[in-house]
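A, B, ... follow the sequence lines: proteins, then strands. Residue 1 opens every chain.
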Amino acid sequence: MSTHDELNSSEGTANEGPTHFLKQHIEKDLAAGKVESIVTRFPPEPNGYLHIGHAKAIWINFGLANQFKGVCHLRMDDTNPEKEDTEYVEAIKTDIQWLGYEWFGPVRYASDYFEDFYKYAQELIKTGKAYVCQLTPDEIREYRGTLTSPGKNSPYRDRPAEESLALFAEMREGKHKEGTACVRVKIDMSSPNINMRDPVIYRIRFAEHHQTGDKWCIYPMYDYAHCISDAIEGITHSLCSLEFEDHRPLYDWILDNITIECHPQQIEFARLNPNYMITSKRKLKKLVDGEYVSGWNDPRMPTISGLRRRGYTPGALRKFCEATGVSKANGVIDAGLLEWAIRDDLDSSAPRAMCVLDPIKVTISNYDEDKVENLELSAHPKDESFGKRKLNFTKEVWIDRQDFMEDAPKKFFRLAPGKEVRLRGSYIIKCDEVIKNEQGEVVELICSYDPDTLGKKPEGRKVKGVIHWADVKSSVPVEVRLYDRLFSVPSPEAADENGVVKEFTENLNPESLKVVHGYLEADCAEKLKANPEIGAFQFEREGYFVTDSIDSSADKLIFNKIVSLKDSWEKVK
RNA sequence: UGGGCUGUAGCCAAGCGGUAAGGCAGCGGGUUUUGAUCCCGCCAUGCGGAGGUUCGAAUCCUCCCAGCCCAGCCA
């Protein structure tokens, strides 16, 4: 993590940060004395890695709890053992802590409450509000009706409670096969809300559970388990995404029909939906399993672990969440906003360095062969506390191919035949000669320097361009991985303009990773050797880069490009 | 065509009957040994549409239109 990383952004009091409907809702409840303090929860299912969308949910739940001096629980919503794994619970914990949040008490699991769920189901059966249904899954679907036509009652709906109770016990004992029996709650088969048409609350699964092992072969459904888990934990505000709006009547129904005092309030908000990304765990898993990326933490992945490896900071992610706002309107967030957030965060916190990514050699004809000048440049243009960095100026230096043009337009403020440019922190040089290979490619530039321009403006002319460079002798060869957006279209999952829905993997950006070999100023390499955890650097005029947490070593530095600097020259071109 | 929800600038978003905040993007200018940063200015007679109520409507009422979600023994 960066030495300049600030963990506490705008959280502390409820008055800070922008207001939004959830905040107002909580303020009202607090003011009315409805609750004394708030308890929220973040309830991920451990069936995949957390992504940027979860970061938003985390920011909302933990952030609100912090702002109102309440607490937030972390609860694994682990009611479907077939899809879940401890690998994911570990990753989830790591990601939340990395984001800078602390859950209250132990990590909780819905599976901690399996016995409670069972008892409450027994209660519902006893009071005639639930029954064991032995329709097949296909029949249940048929009986459910459609969006526009009502369903019809299961023939098992009115069987005696004792019979259901006995069957339920048998289900628990493993005496029934998967799909042959389930528990349903008795509500209304003609409800316009399909979730209320006698929803299933328990199903049989002979699956090993990552927390409870083979203790159970019946597992509760989300709608049944979630509200009760919330109530058991004394959650005051159960915040979830919009698609659960239709489930709220069921959430309330369950709690109203069992003997439990606490009745949390479910409130829905719009989930984060950034363009040029996908946030479907199923599809992200496909990218990993299909080896389209190197893993869940591939620096191009929108996962928290991917963003972390890419070089994103917790502060930038929080800034991004705050900038996107909280509402009930389903919208699309421009991926550019995430880039703005990390640039904004790193501008003040990243020390500067120079790294030439596409080297072309420059020989200073009027500079002595063995001369080495020790120059000094500040490590941050606006913050003295970053100190100075040392540069060696020698007869041969590298500059970037992009900073030279043979036929340069007037607006090109860089090197061109006969033109002058400033080598950042050093002298002004003039291009006298262009050396090409047989293919006609420029391989070297012969330049002359003006010895009277170190630390001062040249006499009688103005040189607008400043380019970065690295001396041939002391600079360090490094590998740099240039990342770009994983997808080349804004909506990788949507139909194109012809209404054709392609497989989302067809929309992968073939240019999302380019590996180049460049030369890094020695000072930066030394800093990294002394402190590998130093965090991101700004490679001046290029962007922000961080050493790859997995592949980089002191002997072989490997950098990930986090994001480029804003480039107005790109627009002029 | 049942139910739920949402429409304020290119993208987010505040606004809660008193005359359209803010951020991002964009545009113009200034500073600058990073075409970065920073600073200044511009950017909705308009709030999905049409009516209505009112001295006054993005806010209230009526109708209409568009988009999203729901028919897993997934969450």
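Legend: residues meeting ring-ring contact (aromatic ring centres under 6.0 Å, His included) with A:Y113, ordered by chain and number and at least two apart, are absent. Residues that satisfy the ring-ring contact (aromatic ring centres under 6.0 Å, His included) test with A:H468, not counting sequence neighbours, are absent from this structure. The salt bridge (charged side-chain N to carboxylate O under 4.0 Å, His left out) check on A:E243 picks up A:R271, with sequence neighbours excluded. Remark: A:F412 pairs with A:W569 by the ring-ring contact (aromatic ring centres under 6.0 Å, His included) rule, at least two apart or across chains. With sequence neighbours left out, A:D452 forms a salt bridge (charged side-chain N to carboxylate O under 4.0 Å, His left out) with A:K456. Under the side-chain contact (heavy atoms from CB on, under 4.5 Å) criterion, A:Q134 pairs with A:V132, A:Y156, A:R159, A:L167, A:H176, A:A181, not counting sequence neighbours. In this view, A:W398 and A:Y519 satisfy the ring-ring contact (aromatic ring centres under 6.0 Å, His included) rule, not counting sequence neighbours.
Judged by Watson-Crick or G-U wobble contacts below 3.5 Å, the nucleotide B:rU54 has no partner. In this structure, B:rG67 forms a base pair with B:rC5, meeting either the Watson-Crick or the G-U wobble geometry with both donor-acceptor distances under 3.5 Å. Within the shown strands, nothing qualifies as a pairing partner of B:rU19 under the Watson-Crick or G-U definition with both distances less than 3.5 Å. When both pairing distances are held under 3.5 Å, B:rG26 makes a Watson-Crick or G-U pair with B:rC42.
In the set B:rG15, B:rC12, B:rC74, B:rG15 carries the atom at the smallest distance from any side-chain atom of A:T19. Set against B:rC74, B:rG2, B:rA71, the side chain of A:R141 has B:rA71 as its closest nucleotide. For A:Y222, whose side chain is taken as the heavy atoms from C-beta onward, the closest listed nucleotide among B:rA14, B:rC73, B:rA75 is B:rA75. Checked against B:rA36, B:rG4, B:rC16, the side chain of A:Q24 finds its nearest nucleotide in B:rC16. With B:rC74, B:rA36, B:rG35 as the choices, the nucleotide that has an atom nearest any side-chain atom of A:P381 turns out to be B:rA36. Taking the side chain of A:K457 as heavy atoms from C-beta on, and the options B:rC73, B:rC5, B:rU33, the nearest nucleotide is B:rU33. Nearest to the side-chain atoms of A:K382 among the listed nucleotides B:rG72, B:rU34, B:rU37 stands B:rU37. Considering only side-chain atoms of A:N193, the nucleotide from B:rU33, B:rC5, B:rG3 that sits closest is B:rG3. You'll find that the side chain of A:L565 is closest to B:rA36, out of B:rU1, B:rA36, B:rU33.
Side chain A:R541 to base B:rU34: no donor-acceptor pair is found below 3.5 Å. Residue-to-nucleotide contacts include a donor-acceptor pair under 3.5 Å from the side chain of A:D246 to the base of B:rG3. Between the side chain of A:Q538 and the base of B:rU34, at least one donor-acceptor pair of N or O atoms lies under 3.5 Å. On a pure distance criterion of 3.5 Å, a polar donor-acceptor pair joins the side chain of A:R414 and the base of B:rG35.
The residue A:M354 sits apart from the nucleic acid: no heavy atom pair falls under 4.0 Å. Counting non-hydrogen atoms under 4.0 angstrom, A:S190 reaches nothing in the nucleic acid.
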Dump every N/O contact between nucleotides 22-30 of chain B and the protein below 3.5 Å, one line per pair.
{"unit_1": "B:rG26", "atom_1": "OP1", "unit_2": "A:K571", "atom_2": "NZ", "d": "2.7"}

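Taking a 4.0 Å limit (strictly below) on heavy-atom distances, residues 247-255 of chain A reaches RNA chain B at A:H247.
What separates NZ of A:K328 from P of B:rA13 is a distance of 13 Å, to the nearest Å.
Rounding to the nearest 0.5 angstrom, the gap separating the OG atom in A:S164 from the CE atom in A:M171 is 10.0 Å.
Atom C1' of B:rA21 sits at a distance of 15 Å from the matching atom of B:rG46, rounded to the whole Å.
Partner of A:F545 under the ring-ring contact (aromatic ring centres under 6.0 Å, His included) criterion, chosen from A:F537, A:F559, A:F539: A:F539.
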